[in-house]
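So the structure is just underneath, and the comments pick up after that.
Remember, predicted model here, so these are calculated numbers, not experimental data. Because only heavy atoms are used, hydrogens play no part in the values below, and waters and symmetry mates are left out as well, while side chains stay in. Letters go in sequence order (proteins before strands), and every chain restarts at 1.
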2 protein chains.
Amino acid sequence: MTKKPGAREDALPAIAEVFREYGYEGASLALIGARTGLGKGSLYHAFPGGKAEMAEAVLDAIGAWFEEKVYAPLRDDPDPRAAIRLMLSETDAYFRSGRRACLVGAFALTEGRDGFADRIAGYFRDWREALAQALIRAGRPAAEADSLAEDAVLTIQGGLVLARALDDPAVFGRMLGRLDMRLVS
Amino acid sequence: MTKKPGAREDALPAIAEVFREYGYEGASLALIGARTGLGKGSLYHAFPGGKAEMAEAVLDAIGAWFEEKVYAPLRDDPDPRAAIRLMLSETDAYFRSGRRACLVGAFALTEGRDGFADRIAGYFRDWREALAQALIRAGRPAAEADSLAEDAVLTIQGGLVLARALDDPAVFGRMLGRLDMRLVS
DNA sequence: GCTTGTCTGTACCGATCGGTACAAACAGCG
DNA sequence: CGCTGTTTGTACCGATCGGTACAGACAAGC
């Protein structure tokens, strides 16, 4: 009885990248196998549920990363303005200054079915609410904070779409600059 | 020698809807056939280039629609503020107040290859530039107009993503309201 | 050494993919 | 009516899809 090491966790980043680039439908098992270096045997051993389970695991990992690195500071950091600045810089780093697509956004646009919808909605809802909380703690009125938070989350998504559509990562950087002015003036 | 009627044009809206909902990869010919009511024979007669030609035709049709209904007024309407308001209302109607996804945005996130990239980039570039021109004509400084226009285009895309992700069309309406304030204060 | 259970490569499955071939059905024109 | 060319349904193609079966390779415990 050998233990199962983090083979699953090791493969996740590569799998995520394939989903990111090709979307759920476009990410074939052949592609995933090639990028992870894993054969079908290993893949289905680590993810018995197949492609759907891989997507769920990837979405969970992304959600956990943002929860830890972004949402938690927004909620708990004693300096809310610093937490918002951290959010902007972590976002810039995570999306490689606009060169990387947002998997959650891509899934949101195409998929309708599956249990993915809940995770996707949760990801954005958590972000919006954590940011609104930080804005309130920074002294903004509640209504303004809600509006500002929703605008920020949606603006980041739009920045990713436009940067990729125009094939111009600078769009993403300019958008973050404007967000910084709006959020922590 | 019977003439070829607008069979191609007739089928385009239905095809566009399939691409919108399922993405390029997810839109199978079986699905397209079912939604258009056309068999493979008719489909390949109207679009000899197959799925790729269908996608190109759909993108061209969308581009032409926005050019006529939105970009041209932004550039030419003697009242630029009215043209911007028209843009917002046409956008709201076109995307069914957030219930409809943006095909161009969806393609932008997944595809990298193909000749689609040019059309996709052109669609957003034209929008951004036409809006910037209207803002300048409305009295904004050039730099501010460019920044505002890019922000507006990207915000609309983000609004579509978030509205769909949260399954809450109201997000789209709130976003348009904020845009109205920013653009035509 | 052998056993036991975890891994993994390979062959294979039915279904479906996008695309082609082609023969009927059809409309206009004489 | 034939004739001509367009439009369509249907059968079919090889390739690939996601997924399964399973026999070996492997590591740990005895």
Side-chain angles (χ1 to χ4, degrees), chain A residues 1-59 103 106-107 110-117, chain B residues 1-59 103 106-107 110-117:
Chain A
M1 142 203 351
T2 50
K3 57 179 179 179
K4 40 169 71 176
R8 191 181 152 110
E9 282 67 28
D10 292 349
L12 272 187
I15 298 178
E17 221 56 41
V18 178
F19 278 130
R20 232 182 276 276
E21 291 181 33
Y22 298 93
Y24 184 76
E25 309 280 350
S28 70
L29 289 192
L31 219 41
I32 294 175
R35 287 278 262 277
T36 55
L38 265 43
K40 281 193 172 188
S42 318
L43 238 28
Y44 271 83
H45 182 75
F47 304 92
K51 200 170 156 181
E53 186 175 344
M54 297 180 206
E56 287 174 15
V58 164
L59 287 173
L103 192 154
F107 274 28
T110 55
E111 302 303 300
R113 56 180 182 283
D114 307 312
F116 300 160
Chain B
M1 118 174 46
T2 51
K3 58 179 177 179
K4 40 170 72 175
R8 191 180 152 110
E9 282 68 28
D10 291 349
L12 272 186
I15 299 178
E17 222 56 39
V18 177
F19 278 130
R20 233 182 274 276
E21 291 180 34
Y22 299 92
Y24 183 77
E25 309 281 350
S28 69
L29 289 193
L31 219 40
I32 295 175
R35 287 278 262 275
T36 55
L38 266 42
K40 281 193 173 187
S42 319
L43 236 30
Y44 272 84
H45 182 75
F47 304 91
K51 200 170 155 181
E53 186 176 343
M54 296 179 207
E56 288 174 14
V58 164
L59 287 173
L103 191 152
F107 274 27
T110 55
E111 303 301 301
R113 57 180 183 283
D114 307 312
F116 301 161

Are Ser28(B) and dC17(C) close enough that a side-chain N or O sits under 4.0 Å from OP1 or OP2? yes
Euclidean distance, atom OH of residue Tyr22(B) to atom C1' of dT16(C) [Å, nearest integer]: 16 Å
When the distance from NE2 of His45(B) to P of dG19(C) is rounded to whole Å, what number comes out? 17 Å
Between Pro13(B) and Asp10(B), the two heavy atoms sitting closest are CD-O, 3.4 Å
Do the side chains of Glu25(B) and Thr110(B) get nearer than 4.5 Å, heavy atoms only? no
Looking for any heavy atom pair under 4.0 Å, which part of the strands does Ala52(A) touch: base, sugar-phosphate only, or nothing? nothing
Side chain of Tyr44(B), heavy atoms from C-beta onward: which of dT7(D), dT6(C), dG19(C) has the nearest atom to it? dG19(C)
In whole angstrom, give the distance that lies between atom NZ of Lys51(A) and atom P of dC17(D). 9 Å
Describe, in one word, how the ring planes of Phe19(B) and Tyr24(B) are oriented to each other, choosing from parallel (under 30°), tilted (30 to 60°) and perpendicular (over 60°). parallel
Taken to the nearest whole Å, NZ/Lys40(B) to P/dT10(D) is 13 Å
Tell me whether Lys51(A) contacts the main-chain N or O of Ala27(A) through its side chain, where contact means a donor paired with an acceptor under 3.5 Å. yes
Whichever of Leu29(B) and Gly41(A) has its nearest DNA chain C nucleotide further upstream toward 5': Gly41(A)
Send over the distance from Glu25(B) CD to dG18(D) P, rounded to a whole Å. 11 Å
When the distance from CG of Leu38(B) to P of dA25(C) is rounded to whole Å, what number comes out? 19 Å
Whole-Å distance between dG18(D) P and Glu53(A) CD? 16 Å
For the pair made of CG in Asp10(A) and P in dC7(C), what is the distance, rounded to whole Å? 13 Å
